[in-house]
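Just so it is clear: chains get the letters A, B, ... in the order the sequence lines come, proteins before strands, and each one is counted from 1. For clarity, every value in this text was computed on a predicted model and none was experimentally measured.
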There are 2 protein chains.
Amino acid sequence: MGRWEPGASSRLREAALALYLERGFEQTMVADIAERAGVTARTFFRHFADKREVFFDASAEVEEKSLAALEAAPATAPPLDAVAAALCAAAEVIGDNRDLARMRQTVIMANASLRERELIKLTSMSVAVADGLRRRGVDEAEAGLAAETGVAVFRVAFERWVNAAEDRALGDVIHETLAQLRTLTAAT
Amino acid sequence: MGRWEPGASSRLREAALALYLERGFEQTMVADIAERAGVTARTFFRHFADKREVFFDASAEVEEKSLAALEAAPATAPPLDAVAAALCAAAEVIGDNRDLARMRQTVIMANASLRERELIKLTSMSVAVADGLRRRGVDEAEAGLAAETGVAVFRVAFERWVNAAEDRALGDVIHETLAQLRTLTAAT
DNA sequence: AGAGTGATGTCATCAAGTGACATCACCGTA
DNA sequence: TACGGTGATGTCACTTGATGACATCACTCT
């Protein structure tokens, strides 16, 4: 199966992260990443759809685990609780190495097009979660709203967790943020 | 002030919308848009930062009106109600010609990079609203959550409004969606 | 009339991304 | 062992988005 040196896509991922950290996303050319990984620019585009995607292909795995957790949630759980379970599953994948997450976040926040790509990944997650909710029998209209709200909570929680002074579990921050949302919406 | 034919950016906007509708975003080249507008491709990039931005420069105005409404909301209003006021102000700008909104949405949904751009505009709105809330004295942590939640509500409401069979006011749909969110979060 | 100004055109160039085709290492099989 | 198939890679050519540098034109103000 492997020809040349195996593991080209891993090397490309590592090279990209290193170079994006060193000189920034825009200052890094695909040819540079490829060269550091020992391949050609053409090969880069065979592994990743574009220059941004090399940063985001873990998101598929995150989405899968979230959906699995959503399926696993008790059928009696209210929609937002099921969504919370899905988000916490995502948190387990992301949340164990905060330093890596912070490096990634630094690079992403420094560049608009990387932010755009991250947003569309979150939206993709939202769509998937909404579908999962509908499969659980949640009302069509409610599903979309619950999913979007959940992803909003996730986004806020992730930001708090990444920038926090203390070292907390991402799942805890998610639950705390959701509780705060419940307080917010209760206020009239 | 005007040389040649005045109103180049308006012509470019119209040309872009027409061509994106005709053949799609990717099949339309900047040179085509510029030609139809009677200018050069180089001039296109003097009016718009990139090929997508020609579709989104109304968003600055929407953001301004939203912020104004946020400032105008009674100081005693709870955060989410103030955000709702801001969203309804945005709705007034967008919500009066649903046909145009639907055409725009058709084009945007057909192309991933346009979706990305729309998402970052909504995020920009969220950040602005969060800042506005903080200026009103809302707690630092609450502000971000309320803004993100509000934008989530807006997104869901907009989608419902655009795809609805009947012709309803976007502001009404927003309030209805927010009420539904209150029900969702109340469930345990 | 002439200087100044701002929007535009022209030209050159870079970098992202893609299609077509050749090539090389490995694998199974006759 | 020799041979053909297969999949990942390299090479080359090309299109398109985007930008910098400089010239140009029309209009304004003095």
Side-chain angles (χ1 to χ4, degrees), chain A residues 1-57 107-108 110-118 120-121, chain B residues 1-57 107-108 110-118 120-121:
Chain A
M1 203 150 302
R3 254 118 312 215
W4 280 269
E5 295 305 313
S9 49
S10 305
R11 294 200 313 274
L12 284 167
R13 255 189 296 272
E14 290 162 17
L17 175 58
L19 289 172
Y20 292 171
L21 275 172
E22 269 180 39
R23 16 177 147 154
F25 175 78
E26 284 172 346
Q27 282 65 45
T28 304
M29 281 164 298
V30 172
D32 300 334
I33 303 171
E35 188 186 11
R36 178 177 291 215
V39 294
T40 309
R42 190 69 186 84
T43 293
F44 177 95
F45 289 110
R46 289 200 179 95
H47 286 268
F48 305 99
D50 58 50
K51 196 183 165 187
R52 296 166 219 97
E53 198 63 17
V54 67
F55 231 67
F56 291 99
D57 67 340
V107 174
I108 291 173
N111 181 268
S113 68
L114 286 175
R115 283 201 301 272
E116 288 184 339
R117 180 55 54 88
E118 187 178 51
I120 214 169
K121 294 295 183 184
Chain B
M1 205 154 298
R3 251 120 316 214
W4 282 268
E5 295 304 313
S9 49
S10 304
R11 295 201 312 275
L12 284 167
R13 255 188 295 273
E14 291 162 17
L17 174 58
L19 289 172
Y20 292 170
L21 275 172
E22 267 180 41
R23 17 178 144 153
F25 175 78
E26 283 171 348
Q27 283 65 45
T28 304
M29 283 164 296
V30 172
D32 300 333
I33 304 172
E35 188 186 11
R36 178 177 291 214
V39 294
T40 308
R42 191 67 185 83
T43 293
F44 177 95
F45 289 108
R46 289 200 179 96
H47 286 268
F48 305 100
D50 59 49
K51 196 183 165 188
R52 297 167 220 103
E53 197 63 18
V54 66
F55 231 67
F56 292 98
D57 67 340
V107 174
I108 291 173
N111 181 270
S113 68
L114 286 175
R115 283 201 300 273
E116 288 184 339
R117 181 55 53 88
E118 186 179 50
I120 213 169
K121 293 295 183 183

**Request:** With heavy atoms under 4.0 Å as the rule, sort Ala8(B) into base, sugar-phosphate or nothing.
**Result:** sugar-phosphate

**Asked** Can you list the residues that meet the side chain to side chain contact (heavy atoms under 4.5 Å, CB included) rule with Arg36(B), with sequence neighbours excluded?
**Response** Ala15(B), Ala18(B), Leu19(B), Glu22(B)

**Prompt:** In residues 10-38 of chain B, which residues come under 4.0 Å of DNA chain D by heavy atom?
**Reply:** Thr28(B), Met29(B), Val30(B)

**Fill in**
In whole angstroms, the gap separating P of dA15(C) from CG of Asn111(A) amounts to 16 Å

**Fill in**
Between the NZ atom in Lys121(A) and the CD atom in Glu116(B), the distance rounded to the nearest 0.5 Å is 9.0 Å

**salt bridge (charged side-chain N to carboxylate O under 4.0 Å, His left out) pairs, two or more places apart, involving residues 7-20 of chain A** = Arg13(A)-Asp57(A)

**Request:** Could you check which residues of residues 42-56 of chain A get a heavy atom under 4.0 Å from DNA chain D? Sort them by number, please.
**Result:** Arg42(A), Thr43(A), Arg46(A), His47(A)

**Fill in**
By side chain to side chain contact (heavy atoms under 4.5 Å, CB included), Asp50(B) pairs with (sequence neighbours left out) Arg52(B), Glu53(B), Arg117(B)

Exercise answer: donor-acceptor pairs, residues 37-48 of chain B side-chain atoms, under 3.5 Å, sequence neighbours excluded:
none

**Minimum-distance pair of heavy atoms, taken over all atoms of Thr28(B) and Lys51(B)** = O-NZ, 2.7 Å

**Request:** Under the ring pair (Phe, Tyr, Trp, His ring centres under 6.0 Å) rule, collect the residues that match up with Phe56(A), sequence neighbours excluded.
**Result:** none

**Request:** Please collect all ring-ring contact (aromatic ring centres under 6.0 Å, His included) contacts where either partner lies in residues 19-42 of chain A, sequence neighbours excluded, each pair once.
**Result:** Tyr20(A)-Phe25(A), Tyr20(A)-Phe55(A)

